[in-house]
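The structure under discussion appears below in the form of structure tokens.
Below, chain A is the first sequence line, B the second, and so on; all start at residue 1.
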Amino acid sequence: MSRKNIVIFGLIILLAAILRMVGLDHSPPHLSNDEISIAYDAYSVSQTGRDEHNHYLPLSFQSYNTYKAPLTAYLLVPGTILFGNNEYTVRLPSAILGTLTVLILGLLVWELTANINLSLLTSFTLAITPWHVHTSRMALESNIALFFLVSGIYTFYLGLHKFKPWLTVISFLLFTLSIYGYHTEWGFTPIVIGCLLVTNWKAAKNSKRFFFGLGAFFILITPIILDYFHNFGTYARANTEIFTKDPRLEYLLTHYQLNIIEKAQLFIDAFIGNYSKYLSIGHLFFNGLGVPSNVNPMKLGLLPIIFLPSFALGVFYVKKYFPNHKNFIYLWTVLSPVIPSLTIGAPNQVRNLVSVVPYTIIMAIGTAEIWKRIRWGKFQYILGAVVVAIFLTYVILLYYVHMPMQSAEGAQYGYKQIALYIKGHYTEYSKIIIDPKFGDDYLYDGVPYLYIPYFTEFDPKKFLEERKDTPFGIFFDKYEIRAIKWPEEKLQSKYLYIVPTSNLPKDLKDKLIEIYHVNLPSGKKEFALFTLQ
Amino acid sequence: MKKYSFYKIPLWIVAASLLCFILNILFNGNPLTAFINVLILLLSWMLYKNIFVPQDDSNHLLYFLAALVLGAVPILSYRPEQILPSIILIICLLVLVFGLKLNFSYYPLIILTMIFLFLASILTSKMVEYHGGFKFGFDNNRFIFSSSALLFDQDIISKQRGELKVPLLVSGVLYNKPIFMAYDFFENIARFITLENLYISLTLINIYPFLLGVYDYLKNKRSHKLIIGSWIVVTLVIIGLRKSQDPLDILYLSAPLLLIFIFNGLPKIKAKYYLSLLLISFLLVFKSKL
């Protein structure tokens, strides 16, 4: 690679890093439900070796009975020990690995095509892809698993082309880590390995290292598979999220006596419906990101809309740019939504993140082809730069200005701010009662029992010892996380009452005094803290 | 199909038409709709013959089977609410088929048919309603812009003026109503282009030759690209404009276009894929009415 290309590559990685790492505590505006669960488990493991449910070094984190893949939580442990409990500790590993994915993907394309321009273009496209930027800015298991998957593919080809057995072995280790990273990879990584072996069968069949690597892969994933079967029948992930749990499908399956053919019809229909949603151009380029929120008329697709023509053209030029690996790229494109299509709630951008790679490659191919056909000299560069600049401005405005204002409530914004208040006034109260509901309609259940101990840096050992889960709520130390019914509440001095604005003590204004409140970034009041006057 | 042809109409198209007619009678119980739909199938095939250079697939049993299956395509069993758009479609097809055959002036022919197709489309979508004679009514609520403009006015402008402190110049470019409405228009089109809508309109089995046909069309430079291109543009404009996204209703007037691509893809189908899809399609066709 020439010095000029190294500089360009460096600038692309810098752009990717800026988009992924700047303002992690601001946008997304608050740690989400899943993020705080992972963050608290990492904090708890760092102090006690146990997760919030008292499991010692678990292979799947029980979380909200969703049994999360373990890698993300363990990756957060060193940062938690070194930098304490904050958004950067939680989100930075994902942001770093997301940035590295941009680098590795560029190297992979270079390895497969020996075309440095296409490699740079692919990295650049991924660097500015809203889908990947968004998932990299959150502590999402899927983003972390994607890094290991792409790295595994890269080292696989590197091992194949450079005849280095140790690279092949490393590739299978990376594939193993992707399995420990996220549930989509449980199904998709074996598919990728299968595709790699089939499309490179001539080289693979005579080399023992591939079969050694495959054997090591199966041995290394055995513990997590055994753990899954150990949790089978509980709320293990595959049991709760499979597409047969879709309410409509479940209703039909339970309320009608269906024969096997009728059941097959329902499953095929549901699968095609889901698969179609994942491939919808509207979802991919116009509205799939759901950022800032679905009520905002300004929308953002998963992929950059400016590359829509490139995508359409790129599909037909894969063969030209990847003459020896076209089948692998096509298979990746077609098969990547298969596993997410087998789950409920389609289209889900997090579960389908594995698709971002082939789509990015196709967009880059299309852009390269368009670039080659247009011969406008310098004007071509100026036009390209202007189009990208307008698009990036749009993304940044939506992401940094609109999103914190409009998506904060859904991300349970306010619990961190409450925790910081409590941390400064902890000794002033004998009891802290938190109503876990949030939102305008007093409808949604939050998880303050994780946010508060995490941001107050409450001793996890004490939390494990004292935590009591009852039908009325969760109790530990001086905290009571339970519904507050004002007429039945026996008000006491030195008690701190924390409620959402949808449950304000309207008839007790003469007895209670509001000592603090939390506003959303939009300025709307979300939580209020009361004590006896 | 020369061997089995009857007045140059191959046997498979006769069989497909017969199947189409029977299914229309079964589903709609209306002989006129059945007749119109069969006519659309036949005229689409004739148009295909005029536009493309059909490959000789005589005596190919798989081709025969595939073509027969085409007679059962859902879009050809669809009964639109009004008869007028169907008649306009038939007229357009007749004009195109015979106009091309008799070497009529090319551009006026295409412009005329596309204008008629556009009018038929807005009638089907009820954006314009026909009240008999020369009386037409315009329904603003069926246009995508009626809701998107409202949303823009309510949401964006209030944010722009109040909460958001975006530099005026940037704001003028990005929070621009025409740009927003154009985005909405294209989003509407993009939302419609899904595998599921093709599946509903063509069934799973016909998607395979359809995609092969499209691929072949894009790959090879064909004559009469303007007809196909302008028809696609008219269809996309209508999809973008209308609020309702019922696939059969929208694609009915584009049925000839879909059929032409399927005809084009039929000679390229591979038996193992086609028969597997056929098996799954059969499984899906005989659905219990849950």
*Passes side-chain contact (heavy atoms from CB on, under 4.5 Å), A/Glu409 versus A/Asp440? Steps please.*
CA-CA 9 Å; A/Glu409 192 174 60; A/Asp440 284 343; 3.9 Å; yes
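Taking the side-chain hydrogen bond (donor to acceptor under 3.5 Å, both in side chains) definition, one finds that A/Thr333 meets it with nothing, sequence neighbours left out. Considering only residues two or more places apart in sequence or on other chains, B/Glu196 meets the salt bridge (charged side-chain N to carboxylate O under 4.0 Å, His left out) condition with none of them. Annotation: salt bridge (charged side-chain N to carboxylate O under 4.0 Å, His left out) contacts of B/Asp249 (sequence neighbours excluded): B/Arg242.
At a 4.5 Å heavy-atom cutoff, the contact between B/Phe186 and chain A is made by backbone and side-chain atoms alike. When heavy atoms are compared at a cutoff of 4.5 Å, A/Ile305 approaches chain B solely by way of its side chain, counted from C-beta outward. B/Leu198 does not touch chain A: none of its heavy atoms, backbone or side chain, sits under 4.5 Å away. Residue contact with chain A, scored on non-hydrogen atoms closer than 4.5 Å, is absent for B/Ile200.
Side-chain atoms of B/Tyr199 and A/Asp269 include a donor-acceptor pair closer than 3.5 Å. B/Tyr252 and B/Asn37 share a side-chain donor-acceptor pair at under 3.5 Å.
The pair A/Lys524-A/Glu526 meets the salt-bridge criterion, with a side-chain N (NZ, NE, NH1 or NH2) lying under 4.0 Å from an Asp/Glu carboxylate O.
Identified by a heavy-atom distance below 4.5 Å to chain B, the contributing residues of residues 275-285 of chain A are A/Tyr275, A/Ser276, A/Ser280, A/Ile281, A/Gly282, A/Phe285, in residue-number order.
Aromatic ring centres of A/Phe286 and B/Tyr183: separated by under 6.0 Å.
Of the listed residues (A/Ile272, A/Val315, A/Asn259), the one with the most heavy-atom contacts under 4.5 Å to chain B is A/Ile272.
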